[in-house]
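These values consider heavy atoms only, across backbone and side chains, with no hydrogens, waters or symmetry-generated copies. Predicted model only: the values in this text are computed from it and were never measured. Indexing begins at 1, ligand by ligand and atom by atom, following the structure's order.
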Amino acid sequence: MAQFTRVSRSVGLITLQNPPVNALSAVARQGIVDAVKRALSDPKVKSVVICGQNGIFCGGADIKEFGTNITGPPLVPMIHAIEASNKPVVAAIEGSAFGGGLELALGCHYRVAHSKAKLGLTEVTLGLLPAAGGTQRLPRLIGVPAALNLITTGRHVTAAEALQLGIVDQVTDHNAVDEAVKFALSVAGKSLDARRISTYPCPCPSDVDALFEEVMQKVRQSARGAIAPIACVQAVRAAATLPYSQGMEREQELMATLFTSGQARALQYCFFAQRAVGRWSMPSGARWDTSKPRSIHKAAVIGLGTMGRGIAVALAQTGLSVVAVETQEKQFMEAKKMVSGMMERGAKRHGTAPPLDKITYSQNIQAVADVDLVIEAVFEDMALKEKVFQQLSTICKQGTFLCTNTSALDVDHLASQTRNPELVVGMHFFAPAHVMKLLEVVYGPRSSPQAVATAMQLGKKMGKVSVAVGNCRGFVGNRMLKPYLEQALFLLEEGATPELVDGALEEFGFALGVFKMSDLSGLDVGWKVRKGDGLVEPGLASGPSARIRQGRRYSPLGDLLCEQGRFGQKTGQGWYRYDKPGSRVPRYDPWLHSFLEEYRTQHGIVARRIDQQEVLERCLYALINEGFRILEDGIAAGPEDIDIIYVFGYSWPRHRGGPMFYASMVGLAKVLERLEHYHQAHPDVPYMQPCNLLRRLVASGSPPVHKWKEAIKKLRSQL
Ligand SMILES: CCCCCC/C=C/CC(=O)SCCNC(=O)CCNC(=O)[C@H](O)C(C)(C)COP(=O)(O)OP(=O)(O)OC[C@H]1O[C@@H](n2cnc3c(N)ncnc32)[C@H](O)[C@@H]1OP(=O)(O)O
């Protein structure tokens with residue numbers, strides 16, 4: 001797991017060998033301890049280089065070991081031994097040096113990095129802190145403000161930035177190991193007194209207290225309830241205010257609390273879930289490892305509204321040639337300007353050239369004749385989309401994949417409009433499409449595995465986290481949102497306010513509560529859908545039937561706002577008031593509150609006190625219940641797919657692991673009991689009726705979330 005060789009006569013080369021990322025597992029740590037001992041005791045070795053095999057230095061501690069009985073030598077004394085060595089030790093950093101990997105490098109006396117390497121103390125993203133001395137060494141090396149920034153965000157820095165910050169001593173475009181060996185030869189025999197970071201004083205600004213107070217406030221605000229970033233600040237504060245050994249004690253103390261926390265479990269679950277969704281499967285048995293994607297060189301986007309523009313930018317940024325089609329003159333001119341602006345801003349942020357020449361614009365759909373893949377992003381109207389798919393089917397060359405960006409409509413019905421339905425899949429982007437990381441790849445019963453594999457691969461190229469899901473109304477994300485939104489409206493009817501509901505959800509960790517989010521998305525969007533579904537009945541003002549539609553409880557509150565022209569941020573009024581149309585800061589709206597009171601009076605509802613717990617239980621458990629139905633229906637292959645969709649697409653707090661993971665943490669029996677309770681109280685709300693799968697999982701002893709897939713398979717086979 002760590003190979004020792006002697007190179008250039010006097011350099012001991014220690015190579016970590018733990019594929020795929022040279023994580024510091026127990027065996028790898030033992031390998032390093034043994035190799036370091038060997039290097040230090042070999043009189044021929046005058047200096048040492050530590051590197052990782054296969055072009056990656058080290059991906060940090062082995063996350064798979066967390067939550068198990070950890071054996072093998074601990075990291076902290078191992079790194080101390082390296083730092084204490086009387087022979088110079090040089091880290092040769094290629095690929096990545098993350099978490100414990102960078103901490104190992106900080107224990108070395110020198111660091112040489114390849115120009116393409118990335119470095120970071122990423123532990124906070126896993127609900128932890130850099131507890132192998134990282135919180136104590138980094139501030140001593142680069143100063144408190146820069147260390148705070150890196151440690152509390154876990155962000156990756158390039159080799160160039162690492163050099164500028166003083167994290168590495170040399171950056172090279174050549175082979176980093178060869179350069180590190182040369183470096184090691186050059187420093188052999190030199191004094192190491194000034195090279196042991198733990199002995200450095202911590203450079204601090206004069207008013208340390210004020211600095212930490214300010215940072216703590218900022219971190220609390222952005223952490224949305226996550227505890228690790230706060231512990232990171234506390235640990236760095238210890239570096240700034242205590243001697244090294246006491247700082248280390250504080251670091252270990254804080255880590256002990258984080259290590260066993262539910263948040264760390266949730267974040268580590270998300271880490272693996274994000275990777276697991278790439279190993280997709282379809283009910284037909286088609287899988288990621290047996291389905292070959294086709295290469296896409298040229299793509300087209302049809303419709304340059306908000307979504308189409310974002311998709312065109314995202315495609316061009318991957319280096320593809322893109323044909324962007326918009327048939328309406330005004331929208332066409334506007335879109336061209338907007339798309340160029342979006343690309344220029346993106347390029348400026350990344351310090352690259354905007355890929356303006358990658359896009360050709362056309363007002364004629366015939367321009368897509370020679371592309372390999374089309375993404376339709378016209379207005380969300382089935383008749384319009386049907387027509388576009390019929391046209392595409394005749395215009396495009398043989399074999400072109402036809403994708404739709406619909407957020408809810410029937411992908412299979414669109415496929416039926418084409419000559420080759422097997423080439424049709426959904427590619428559901430989230431707004432703004434060039435920014436949001438999530439992509440739902442929707443397969444219909446006739447989508448070919450190759451079409452799914454191609455869309456998944458294209459999503460990956462675009463830097464998206466792509467999740468393959470089955471075809472149903474709203475797919476996974478929007479389908480689960482429906483009961484969540486419905487409960488929020490019922491709560492308003494019964495006595496809650498938008499502020500109370502949003503407050504509870506934001507305290508839970510959502511970036512925006514449900515009403516703020518609805519104002520941002522536009523209330524007219526759902527109104528149109530409800531009209532299409534025959535749910536909107538203007539004039540049905542009061543009486544018992546006013547709140548029953550299609551045999552179930554219905555709240556017309558959203559429709560009533562829309563009838564008043566209150567569409568949210570864009571009109572300056574929605575569930576909140578905004579300073580002017582397009583403003584983003586929601587303000588308390590006395591009109592809305594009187595409106596709610598009048599509404600309740602009109603419908604004979606006596607407002608009651610609703611607490612945060614009820615808000616959370618009703619909104620979240622209704623959503624989770626639908627998640628179980630989605631699993632039962634086979635629309636999502638496993639809980640990880642649902643959780644990743646919610647974390648990346650719907651701002652579900654990552655430190656709560658996604659809705660299905662959260663349900664497992666709350667306890668399935670408790671979720672079931674609360675759903676039963678609310679369904680008894682509201683029998684006319686079918687979404688509250690506990691799903692069979694949930695009942696059966698509880699009856700089978702509530703297996704942990706990573707065993708659900710297996711349990712569902714077993715339950716299915718028993719049917
Ligand atoms: C009491 C304990 C005290 C401990 C004190 C010290 C504390 C240290 C804490 C840490 O070090 S926590 C770990 C910090 N490391 C990271 O955050 C890095 C995580 N990994 C990555 O960011 C990426 O994997 C990568 C290294 C940049 C490589 O990316 P790439 O896209 O090339 O591959 P992936 O698909 O992401 O990964 C491949 C494969 O490897 C698994 N994996 C990656 N990192 C780790 C790890 N650190 N431990 C275990 N396994 C790891 C990953 O899950 C993939 O496998 P899978 O089967 O597909 O899931």
Which protein heavy atom lies closest to atom 16 (C) of ligand 1, and at what distance to 0.1 Å?
Thr122 OG1, 3.2 Å
Examine the proximity of ligand 1 to Lys118 and report which part, side chain or backbone, both or neither, has a heavy atom under 4.0 Å away.
neither
Compute the ring centroids of Phe271 and His655, then answer whether they are less than 6.0 Å apart.
no
I'd like to check which ligand 1 atoms, numbered from 1 as shown, lie under 4.0 Å from a non-hydrogen atom of Phe272.
53 (O), 59 (O)
Can you tell me which residue and heavy atom of the protein come closest to atom 52 (C) of ligand 1, and the distance to 0.1 Å?
Arg275 CD, 3.8 Å
Counting only heavy atoms, tell me which of Gly95, Pro130, Gly59 gets closest to atom 15 (N) of ligand 1.
Gly59
Answer yes if a protein heavy atom lies under 4.0 Å from atom 35 (O) of ligand 1, otherwise answer no.
yes
Classify the side-chain pair Glu251/Thr135 by whether it contains a donor and acceptor separated by less than 3.5 Å.
yes
So Val181 and Val90, do their side chains get closer than 4.5 Å, heavy atoms only?
no
Using a heavy-atom cut-off of under 4.0 Å, does the side chain or the backbone of Val21 touch ligand 1, or both, or neither?
side chain
Run the ring pair (Phe, Tyr, Trp, His ring centres under 6.0 Å) test on Phe430 and Tyr650 for me, step by step, so that the C-alpha distance in whole Å, both residues' side-chain angles and the decisive distance to 0.1 Å come before the verdict.
CA-CA 9 Å; Phe430 289 71; Tyr650 295 85; 5.5 Å; yes
Using a 4.5 Å cut-off on heavy atoms from C-beta on, say whether the side chain of Val124 contacts that of Leu267.
no
Ring centres under 6.0 angstrom apart (Phe661, Trp652)
no
For atom 6 (C) of ligand 1, which protein heavy atom lies nearest, and how many Å away is it?
Leu75 CD1, 3.6 Å
For atom 40 (O) of ligand 1, grab the closest protein heavy atom and report residue, atom and distance to one decimal in Å.
Pro20 CG, 3.3 Å
Going by distance alone, is a donor N or O of one side chain under 3.5 Å from an acceptor N or O of the other, for Glu179 and Asn175?
no
Ligand-residue contact atoms, ligand 1 with Gly60, heavy atoms, under 4.0 Å
11 (O)
Mind checking whether Ile63 contacts ligand 1 via backbone (N, CA, C, O), side chain (CB onward), both or neither, at a 4.0 Å heavy-atom cut-off?
both
Which is it for Leu24 and ligand 1 at heavy atoms under 4.0 Å: side chain, backbone, both or neither?
neither
Under 4.0 Å from atom 31 (O) of ligand 1, do we find at least one protein heavy atom?
no
Can you confirm, on distance only, whether ligand 1 has an N/O atom lying under 3.5 Å from any N/O atom belonging to Gly100?
yes
Among Arg196, Arg195, Arg137, the one residue meeting side-chain hydrogen bond (donor to acceptor under 3.5 Å, both in side chains) with Glu83
Arg137
cation_pi(Arg656, Phe508) dist<6.0 Å, angle<=45:
yes
Distance under 4.0 Å to a non-hydrogen atom of Phe271: what atoms of ligand 1 satisfy this?
19 (C), 20 (N), 43 (C), 44 (N), 53 (O)
Look only at the side chain of Lys358 and the backbone of Leu320, and say whether a donor-acceptor pair between them is shorter than 3.5 Å.
no
Can I get a per-line list of side-chain donor-acceptor pairs under 3.5 Å for residues 456-465, giving both atom names and the distance, sequence neighbours left out?
{"from": "Lys464", "atom 1": "NZ", "to": "Ala433", "atom 2": "O", "distance (Å)": "2.6"}
{"from": "Lys464", "atom 1": "NZ", "to": "Met436", "atom 2": "O", "distance (Å)": "2.7"}

re atom 58 (O) of ligand 1, the protein heavy-atom contact at minimum distance is Arg279 NH1, 2.9 Å
Could you give all pairs that pass the side chain to side chain donor-acceptor pair (under 3.5 Å) test and reach residues 266-284, with sequence neighbours left out?
Tyr269-Asp643, Gln274-Arg654
Contact region, Ser96 to ligand 1, non-hydrogen atoms below 4.0 Å, reads side chain
Is there a donor-acceptor pair closer than 3.5 Å between any side-chain N or O of Arg29 and the backbone N or O of Thr71?
yes
Return yes or no for this condition: an N or O of Ile56 is under 3.5 Å from an N or O of ligand 1.
no
Heavy-atom contacts with Asp62 under 4.0 Å: which atoms of ligand 1 show up? List them by number with element.
48 (N), 49 (C)
Who's the nearest protein heavy-atom neighbour of atom 50 (N) of ligand 1, and how far?
Lys64 NZ, 4.1 Å
Looking only at protein heavy atoms, what sits closest to atom 9 (C) of ligand 1 is Glu123 CG, 3.3 Å
With heavy atoms of Gly99 as the reference, note each atom of ligand 1 found under 4.0 Å away.
11 (O), 14 (C)
So which heavy atom in the protein is nearest atom 13 (C) of ligand 1, and how far is it from that ligand atom?
Leu126 CD1, 3.6 Å
Is a side-chain donor or acceptor of Thr172 paired with a backbone partner of His174 at a separation under 3.5 angstrom?
yes
